[in-house]
Each structure stands twice: as C-alpha cells, then as structure tokens.
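Just so it is clear, the structure is predicted and the values come from calculations on it, not from any experiment. Only heavy atoms go into these numbers, but all of them, side chains included; no hydrogens, no water, no symmetry mates.
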Amino acid sequence: QVQLVESGGGLVQPGGSLRLSCAASGSIFGINTMGWYRQAPGKQRELVASMTEGGGTNYADSVKGRFAISRDNAKNTVSLQMNSLKPEDTAVYYCKLEIGTVYRPVYWGQGTQVTVSS
C-alpha cells in the first residue's frame, strides 16, 4: 500500500519561507500526479499546487508567483517551496498522489501544519 510522508511544516513570520517535502513509498506504478492541498479550520480543502509526471503544473490563483512545486520522479517525492508567506496561508497542508491506472487510486499524507503569524 502507498504511504506518503510529509515534512517541513512549522511556524513562520509573514513574509518568510518554508519548504514542504513529501516522499511516497509502496506499490506505485503508472503515470501519476502529485500535489499539495491545504485546509484551514472551518474551510474546504483546496488545491494549492499539483504536478504531473511529465512536468505540467497547476497552481491556485492565491499562490501563483509565491509558491513553486517540484518533483523527483525517480524518488517519488514532491516539494513545495513557499515564499512571501501570508497569514491566510495558515492551514494544514496535505500531500496527494493520484495514480493513473483505470482505478485512479488517490492517496493522502497525514498533513503538516503551516502557521504564518508574527
């Protein structure tokens, strides 16, 4: 079974930076998409950024120009560089993996807390 392990969350002041990392392990096969979602208290989980195995990216409008997603296909890892952080970026960030089989299974990490506050 696939497992996703996240790291890099923490407390940072507005304007600061954090880098999140996610490592996938297990029975991973087929073309896949990896990405990051976030969920603030009382709000819907939303897409932050995603990246296909071929390098295509998708960003939420709220993070464009500030966040950058990258991945290492050989290692099945994905990272999210977050710059110019704002208090509204505060949320639990989740790593997501979708495998492109006919079943299209989706796997989630446990989440890592990002808090942007003075």
Side-chain angles (χ1 to χ4, degrees):
Q1 190 70 20
V2 173
Q3 294 185 60
L4 303 177
V5 180
E6 300 150 329
S7 62
L11 174 65
V12 65
Q13 294 195 14
S17 299
L18 283 174
R19 185 176 181 86
L20 306 182
S21 296
C22 173
S25 62
S27 301
I28 303 172
F29 59 94
I31 299 173
N32 64 77
T33 298
M34 300 186 74
W36 294 92
Y37 285 67
R38 67 186 180 188
Q39 187 168 19
K43 295 186 177 181
Q44 183 75 29
R45 186 175 299 187
E46 65 176 355
L47 171 72
V48 179
S50 65
M51 193 171 193
T52 67
E53 203 164 349
T57 59
N58 188 25
Y59 291 93
D61 288 340
S62 60
V63 306
K64 288 180 179 177
R66 298 189 297 121
F67 292 8
I69 190 170
S70 61
R71 63 182 289 171
D72 186 327
N73 294 334
K75 297 180 179 179
N76 285 319
T77 60
V78 62
S79 297
L80 184 69
Q81 179 66 46
M82 304 185 294
N83 299 321
S84 301
L85 283 162
K86 305 174 181 179
E88 49 263 46
D89 294 318
T90 296
V92 177
Y93 284 69
Y94 297 90
C95 181
K96 177 188 177 184
L97 168 67
E98 180 176 345
I99 298 176
T101 67
V102 295
Y103 302 103
R104 294 195 171 276
V106 175
Y107 303 92
W108 293 92
Q110 79 287 349
T112 184
Q113 177 70 47
V114 172
T115 302
V116 185
S117 179
S118 299

Using the rule that Ile, Leu, Val, Met, Phe, Trp and Tyr join whenever any side-chain heavy atoms are under 4.5 Å apart, tell me whether [X] and [Y] fall into a single cluster.
X    : Y   : value
L47  : M51 : no
I28  : M34 : yes
Y93  : L4  : yes
V114 : V92 : no
Y37  : L80 : no

To the closest 0.5 Å, what do you measure between [atom1] ([X]) and [atom2] ([Y])?
X   : Y    : atom1 : atom2 : answer
Q3  : C22  : CD    : SG    : 11.5 Å
Q81 : S21  : CD    : OG    : 9.0 Å
E98 : Y103 : CD    : OH    : 15.5 Å
N83 : L18  : CG    : CG    : 9.5 Å

Could you go through S117 and L11, starting from their C-alpha distance and side-chain angles, then the distance that decides it, and tell me whether this counts as side-chain contact (heavy atoms from CB on, under 4.5 Å)?
CA-CA 7 Å; S117 179; L11 174 65; 4.3 Å; yes
Is the number of heavy atoms from other residues, nucleotides or ligands within 6.0 Å of CD (E88) greater than 12?
yes
One pair to check against side-chain contact (heavy atoms from CB on, under 4.5 Å): I99 and Y107. What are the steps and the verdict?
CA-CA 9 Å; I99 298 176; Y107 303 92; 3.8 Å; yes
Answer yes or no: is there a donor N or O on one side and an acceptor on the other, between the side chain of E6 and the main chain of Q110, under 3.5 Å?
yes
Under 3.5 Å, side chain of N73 to main-chain N/O of E53, donor-acceptor pair present?
yes
Considering all heavy atoms, the nearest [X]-[Y] contact:
X   : Y    : result
A74 : D72  : N-OD1, 3.1 Å
L97 : A24  : CD2-CB, 4.3 Å
T33 : S50  : CG2-CB, 4.2 Å
A91 : Q113 : O-NE2, 3.4 Å

For residues 59-70, tabulate all N or O donor-acceptor pairs below 3.5 Å that involve a side-chain atom, not counting sequence neighbours.
{"from": "Y59", "atom 1": "OH", "to": "I69", "atom 2": "N", "distance (Å)": "2.8"}
{"from": "D61", "atom 1": "OD1", "to": "K64", "atom 2": "NZ", "distance (Å)": "3.0"}
{"from": "S62", "atom 1": "OG", "to": "R38", "atom 2": "NH2", "distance (Å)": "3.3"}
{"from": "R66", "atom 1": "NH1", "to": "S84", "atom 2": "O", "distance (Å)": "3.0"}
{"from": "R66", "atom 1": "NH1", "to": "D89", "atom 2": "OD2", "distance (Å)": "2.7"}
{"from": "R66", "atom 1": "NH2", "to": "S62", "atom 2": "O", "distance (Å)": "2.9"}
{"from": "R66", "atom 1": "NH2", "to": "D89", "atom 2": "OD1", "distance (Å)": "3.0"}
{"from": "R66", "atom 1": "NH2", "to": "D89", "atom 2": "OD2", "distance (Å)": "3.4"}

Evaluation steps, side-chain contact (heavy atoms from CB on, under 4.5 Å), between C95 and V78
CA-CA 8 Å; C95 181; V78 62; 3.7 Å; yes
For M82, the option from V116, L20, V12 that meets side-chain contact (heavy atoms from CB on, under 4.5 Å):
L20
Chi angles and distances behind the side-chain contact (heavy atoms from CB on, under 4.5 Å) call for R19, S79
CA-CA 7 Å; R19 185 176 181 86; S79 297; 3.5 Å; yes
